[in-house]
There are 2 protein chains.
Amino acid sequence: MSNSKGRSLARRRMNAEDRRSAIISAAIRLFAENGFRGATTRQIASAVPVLYEHFATKSDLYRAIIDAKSQQGIEYLRETLTPYMERRDDRGFFRNLGLLIVEFYDKDPDYVRLLMFSALEGHELADVYYQRQLEIYLEFVLSYTRQRMKAGVFRRINPEVLARSFAGMVSSYAQARVLFPNCVMDMDPKAAIDKMTRIFLHGILKTQD
Amino acid sequence: MSNSKGRSLARRRMNAEDRRSAIISAAIRLFAENGFRGATTRQIASAVPVLYEHFATKSDLYRAIIDAKSQQGIEYLRETLTPYMERRDDRGFFRNLGLLIVEFYDKDPDYVRLLMFSALEGHELADVYYQRQLEIYLEFVLSYTRQRMKAGVFRRINPEVLARSFAGMVSSYAQARVLFPNCVMDMDPKAAIDKMTRIFLHGILKTQD
DNA sequence: CCACTAACATAGCATTCGCTAACATCGAGT
DNA sequence: ACTCGATGTTAGCGAATGCTATGTTAGTGG
């Protein structure tokens, strides 16, 4: 039985769809690491076969991977946050939201790296990427904070400012953990998020009379 | 009187020090725009003469510009904040600090672009860059917040968490204004900072009895 | 004025890059 | 077994890149 030279049985032929997916996955890693100009088509071509059967140009491939990556977002937002929303557990809500964000960045550094690279490179999909991330988050936070304001528990605050401020605070920390890992506070991330949440929550709760 | 062909009188010869500075300035713009791999030495060489008389390699030049840019930081921090510190004007302190950060990013996008590019590219000076930025800021905020906690005005909060949280919230907004200008809140930056400051300040002030 | 040196300009080298073309091989169908 | 088409591999093209080498020119000092 003759294999192509140097290829194991595991490297059998894939159908077009699977091969395309494999190319995208490999390319995500390489572009996330090196950016558009830094990652070479030769690098990518040596990691996955028949690159040019699927993508005419490097730009086409980059666009495809940016689009694919931007479709992802923080997972389990609904499952995680819904219990706290139902219980009106403000602390649980914000704390767990913060933890989800940090965990997501920690687990998938490629996500934020590609977000940043695409923005710095002026990619046409960068705004879309950012908006998709934001929308996933805003849906929950705006809904919950409006509810809590209406109930008189939260102070009268522009809901969007509130939502984006919390996101900014937490994602800045999460981003630094990915991009400047040696420069973050020497503190367990759970403790850090907990403390940030306490400050923030105290800032949005109505003062007790 | 014969000039070199196509050169105006304005392009007289510079001494080595001035020429080096001019090369660094031009290179900062090009590297901030395109990153290390995206900016070509030919681009730079066509913008400023005798590049290779001053820098042996592209990497040497990049290192020089990263180092130069990382020495910069938010200007007028002392002049602006000291009056508020002396007056114990918490609101004024944080609000003006926030505005300074936003104005600085708006005025010098190259600063944050190079910070991000250097981090994404894994440059050896990226951490230094980030730390220098942070130190300038922390000096003031830690000092002030410790003072205010001692005076019993601010709640007992880890000062570093406090300082970094505010910075994170504001710089996330400032960064988005540079990198995702179409995605920021439709609101005057002064108003946005004011609202963020109010949330934050409420979060750190002791509850009134 | 001349000589010298530092600043400047440009042609070109070797290597790398994105991509194409030609060929090889697998796998399904007859 | 054979054929055909889709998947896979590799050599090589033309252009781009970082850098070197060579020659030109400005400016200073004697």
Side-chain angles (χ1 to χ4, degrees), chain A residues 1-66 117-118 121 123, chain B residues 1-66 117 121 123-124:
Chain A
M1 185 151 77
S2 83
N3 294 321
S4 58
K5 201 165 16 170
R7 292 284 187 186
S8 68
L9 283 174
R11 293 288 179 91
R12 302 303 294 277
R13 296 191 168 208
M14 290 188 194
N15 62 45
E17 195 182 324
D18 290 346
R19 176 53 72 207
R20 193 175 192 275
S21 288
I23 293 168
I24 287 180
S25 291
I28 282 173
R29 308 275 9 248
L30 287 161
F31 282 126
E33 186 178 342
N34 303 295
F36 181 70
R37 282 269 300 180
T40 67
T41 56
R42 286 168 184 235
Q43 274 178 309
I44 298 158
S46 73
V48 281
V50 290
L51 170 60
Y52 287 101
E53 300 285 350
H54 294 266
F55 298 96
T57 63
K58 190 181 181 183
S59 289
D60 287 350
L61 174 60
Y62 198 52
R63 190 178 209 281
I65 68 112
I66 295 286
F117 263 132
S118 66
E121 289 155 354
H123 193 90
Chain B
M1 183 150 75
S2 84
N3 293 323
S4 59
K5 202 169 12 173
R7 292 284 186 185
S8 68
L9 285 173
R11 293 290 180 91
R12 303 300 296 276
R13 292 188 174 209
M14 289 187 196
N15 63 45
E17 194 182 326
D18 290 346
R19 176 53 71 207
R20 193 175 191 275
S21 290
I23 293 169
I24 287 179
S25 290
I28 283 173
R29 308 277 6 251
L30 287 163
F31 282 125
E33 186 177 341
N34 304 297
F36 181 70
R37 280 271 300 184
T40 66
T41 56
R42 286 171 181 237
Q43 273 179 310
I44 298 159
S46 72
V48 279
V50 290
L51 169 60
Y52 287 100
E53 301 285 349
H54 295 267
F55 299 97
T57 64
K58 189 181 182 183
S59 289
D60 288 351
L61 174 59
Y62 198 53
R63 192 182 208 282
I65 68 111
I66 295 286
F117 263 132
E121 289 154 356
H123 193 89
E124 61 174 3

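Excluded from the calculations below are hydrogen atoms, water molecules and symmetry mates; all remaining heavy atoms, backbone and side chain alike, are included. Convention: sequence-line order gives letters A, B, ...; per-chain numbering from 1. Please read all numbers here as calculations on a predicted model, not as lab measurements.
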Going through the checks in order, is the side chain to side chain contact (heavy atoms under 4.5 Å, CB included) test met by Arg63(B) and Phe55(B)? CA-CA 10 Å; Arg63(B) 192 182 208 282; Phe55(B) 299 97; over 6 Å; no
At their closest point, which heavy atom of [X] faces which heavy atom of [Y], and how far apart are they?
X	Y	value
Gln43(A)	Thr40(A)	OE1-N, 2.8 Å
Arg20(A)	Ala64(A)	NH2-CB, 4.3 Å
Ala27(A)	Ile65(A)	CB-CG2, 3.7 Å
Ala22(A)	Val48(A)	O-CG1, 3.7 Å

5'-most contact on DNA chain D (nearest-nucleotide basis), Val48(A) vs Gly38(B), goes to Val48(A)
Spacing between [X] atom [atom1] and [N] atom [atom2], to the nearest angstrom:
X	N	atom1	atom2	result
Ile23(B)	dC8(C)	CD1	P	8 Å
Phe36(A)	dC17(C)	CZ	P	13 Å
Glu53(A)	dC19(C)	CD	C1'	12 Å
Glu17(A)	dT7(D)	CD	P	12 Å
Asp18(B)	dC8(C)	CG	C1'	16 Å
Arg20(B)	dC8(C)	CZ	C1'	18 Å
Tyr52(A)	dA22(C)	OH	C1'	17 Å
Met14(B)	dT25(D)	CE	C1'	17 Å

Nearest to the side chain of Arg42(B) - dG18(D), dG12(D), dT7(D)? dG18(D)
With a 4.0 Å cutoff (strictly under), does any side-chain N or O of Arg37(A) reach OP1 or OP2 of dC17(C)?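 Negative; the distance criterion is not met.
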In sequence, state the C-alpha distance, the side-chain angles, and the governing distance for Val50(B) and Arg19(B), and then conclude on side chain to side chain contact (heavy atoms under 4.5 Å, CB included). CA-CA 8 Å; Val50(B) 290; Arg19(B) 176 53 71 207; 3.7 Å; yes
So Thr40(A), base contact, sugar-phosphate only, or nothing? Heavy-atom distance under 4.0 Å.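 It contacts sugar-phosphate atoms only.
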For Ala45(B), which contact category applies under a 4.0 Å heavy-atom criterion: base, sugar-phosphate, or nothing?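 No contact.
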For residues 57-64 of chain B, which residues have at least one heavy atom under 4.0 Å from DNA chain D? Thr57(B), Lys58(B)
Show me the protein contacts with nucleotides 27-30 of chain C, counting only N or O atoms at under 3.5 Å.
unit_1	atom_1	unit_2	atom_2	d
dG27(C)	OP1	Arg12(A)	NE	3.1
dG27(C)	OP1	Arg12(A)	NH2	2.9
dG27(C)	OP2	Arg12(A)	NH2	2.3

Close side-chain approach of Phe31(A) and Ile66(A), heavy atoms under 4.5 Å: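 They are not in side-chain contact.
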Are the side chains of Phe36(B) and Arg37(A) in contact, using a 4.5 Å heavy-atom criterion?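 A side-chain contact under 4.5 Å is absent here.
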Is the centre of the Tyr62(B) ring less than 6.0 Å from the centre of the His123(B) ring?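 Under 6.0 Å, so yes.
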